Amino acid sequence: MRVETSMLVIAFFTAIILGFIIIPILKKLKVGQIERDDGPQSHLKKQGTPTMGGIIMIITMILVVTGEYIFLSIQGQNEMANHLIPILILTIGFGIIGFVDDFKKLVLKNTKGLKPSYKMLGLLLISVIYVIYLSQGLHIGTDTYIPILKSYITIPIYLYIPFAIIVILGTTNAINLTDGIDGLSSSISAIIITCLTVIGITTGIKEISIFGSIVIGATLGFLMFNLHPAKVFMGDTGSLLLGGVVSAIALYLKMPLLLIVIAFIPVLETISVMIQVAYFKKTGKRFFKMAPLHHHFELKGWKESKVVIIFSLVTLILCIIGLKMI
């Protein structure tokens, strides 16, 4: 536990230091947020706020995980050190895809960004590599924990691989949709990752407890700049990164189905978009005032801070329930 605490604190202060360095650079590059005209009117004042802030978390994770890798190698814990790298590569891979999308939109002024087909292909490729690594490289098996039954079932490999890929893609998309209010996605992600890290600690999976602690520290450090009124937004760079972290850890722990409980808010955000689109196509009217769901509550008069607090509290409660299901 001492190691995990140290990693969290180091990552937290590293992210804060990087924030003071990177945010002014983003301002100079004029990498500003572009707000929708049909969105909440209160968001129009955010126009021009630096985005792509997910770079802060990416660099923090690379620096601290690399440092821990070297430390563990020197200590002779090569196996644990080597297990950290694939998880880092997956999550950074998602972050890089988000970065390319943000870069094209905000720096190259290509409003379409990365083509959706290219974006999905990149996410799919990284997902496939990671799932194959888990099942064939680590040989952790295809056992999957069923929270309600409190037991594991073995899924045939030909079903497990597509299932795991869907988990990764679905989670990254859900976290991405949750990003839309100052501090919302970062707060909820930090709580979910904390829950998964606690499971890693209690089950003795050291590489997960260490990696999770580093990500928590990096996310909380970024959150210091992302709370309302935000000085920087994470962009797809950060939201895809965090989605990758959540799904990667859940699969590593063999507990992807637990995400239905502990990540219910991102799941609900996704469902709200699906309902909105389907209802509009059928009736020509909106089911919600605006989707994703957090914008619906904004338009009903909730302040951003209230949405973040309520959604975060719900996530915290669900994570406690999730821990009770282990």
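Atoms considered below: every heavy atom in the structure, side chains included; atoms not considered: hydrogens, waters and symmetry mates. Remember, it's a predicted structure, so these values are computed and weren't measured experimentally.
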> Do you know which two heavy atoms are closest between I262 and C195, and how far apart they sit?
Replying inline: CG2-SG, 3.9 Å

> Which heavy atom in I165 sits nearest to a heavy atom in S127, and how many Å separate them?
Replying inline: CG2-CB, 4.1 Å

Could you list the donor-acceptor pairs under 3.5 angstrom formed between side-chain atoms of residues 87-98 and any protein atom two or more places apart in sequence or on another chain?
| residue | atom | partner | partner atom | Å |
| --- | --- | --- | --- | --- |
| T91 | OG1 | I87 | O | 3.1 |
| T91 | OG1 | L88 | O | 2.9 |

>> For F225, give me all partners under ring-ring contact (aromatic ring centres under 6.0 Å, His included), at least two apart in sequence or on another chain.
In response: F20

> Quick check: does any side chain N or O of Q276 sit under 3.5 Å from a backbone N or O of P292, one acting as donor and the other as acceptor?
Replying inline: no

> In the hydrophobic clustering that connects Ile, Leu, Val, Met, Phe, Trp and Tyr at side-chain heavy-atom distances below 4.5 Å, which members other than V277 occupy its cluster, ordered by chain and number?
Replying inline: L177, V273

Side-chain donor-acceptor pairs under 3.5 Å in residues 242-250, sequence neighbours left out?
| residue | atom | partner | partner atom | Å |
| --- | --- | --- | --- | --- |
| S247 | OG | G243 | O | 3.0 |
| S247 | OG | G244 | O | 3.1 |

>> According to salt bridge (Lys or Arg N to Asp or Glu O under 4.0 Å), who are the partners of E4, at least two apart in sequence or on a separate chain?
In response: K206

> Do you know which two heavy atoms are closest between V308 and S187, and how far apart they sit?
Replying inline: CG1-OG, 4.0 Å

>> Check whether N82 reaches the backbone of N78 with its side chain - one donor and one acceptor, N or O, closer than 3.5 Å.
In response: yes

>> Taking ring pair (Phe, Tyr, Trp, His ring centres under 6.0 Å) as the cut-off, I'd like each qualifying pair that reaches into residues 112-146, sequence neighbours left out, listed once.
In response: Y145-Y152

> When you measure from the side chain of T172 to the backbone N and O of L169, does any donor-acceptor pair fall under 3.5 Å?
Replying inline: yes

> Does G54 offer a backbone N or O that forms a donor-acceptor pair with the side chain of T237 under 3.5 Å?
Replying inline: no

> So which heavy atom on G180 is nearest to which on H295, and how close?
Replying inline: O-CE1, 3.7 Å

> Is there a donor-acceptor pair under 3.5 Å between the side chain of N226 and the backbone N or O of G183?
Replying inline: yes

>> Could you work out, with salt bridge (Lys or Arg N to Asp or Glu O under 4.0 Å) as the rule, every residue matching D236, not counting sequence neighbours?
In response: K119

>> Using only atom types and a distance under 3.5 Å, with no angle test, would you say the side chain of E304 pairs donor to acceptor with the backbone of D182?
In response: yes

> For S239, which residues count as a side chain to side chain donor-acceptor pair (under 3.5 Å) partner, sequence neighbours excluded?
Replying inline: N176

> Given a cutoff of under 4.5 Å between side-chain heavy atoms of I, L, V, M, F, W and Y, with clusters grown through shared members, what are the other residues clustered with I166?
Replying inline: none

>> If you compare all heavy atoms of P266 against all heavy atoms of I175, which two are closest, and at what distance to 0.1 Å?
In response: CG-CD1, 3.9 Å

> Under the ring pair (Phe, Tyr, Trp, His ring centres under 6.0 Å) rule, what pairs show up with a residue in residues 60-86, not counting sequence neighbours?
Replying inline: none

>> Just to verify, what does E68 make a side chain to side chain donor-acceptor pair (under 3.5 Å) with, not counting sequence neighbours?
In response: none

> Of all residues at least two apart in sequence or in a different chain, which pass the salt bridge (Lys or Arg N to Asp or Glu O under 4.0 Å) check with K254?
Replying inline: none

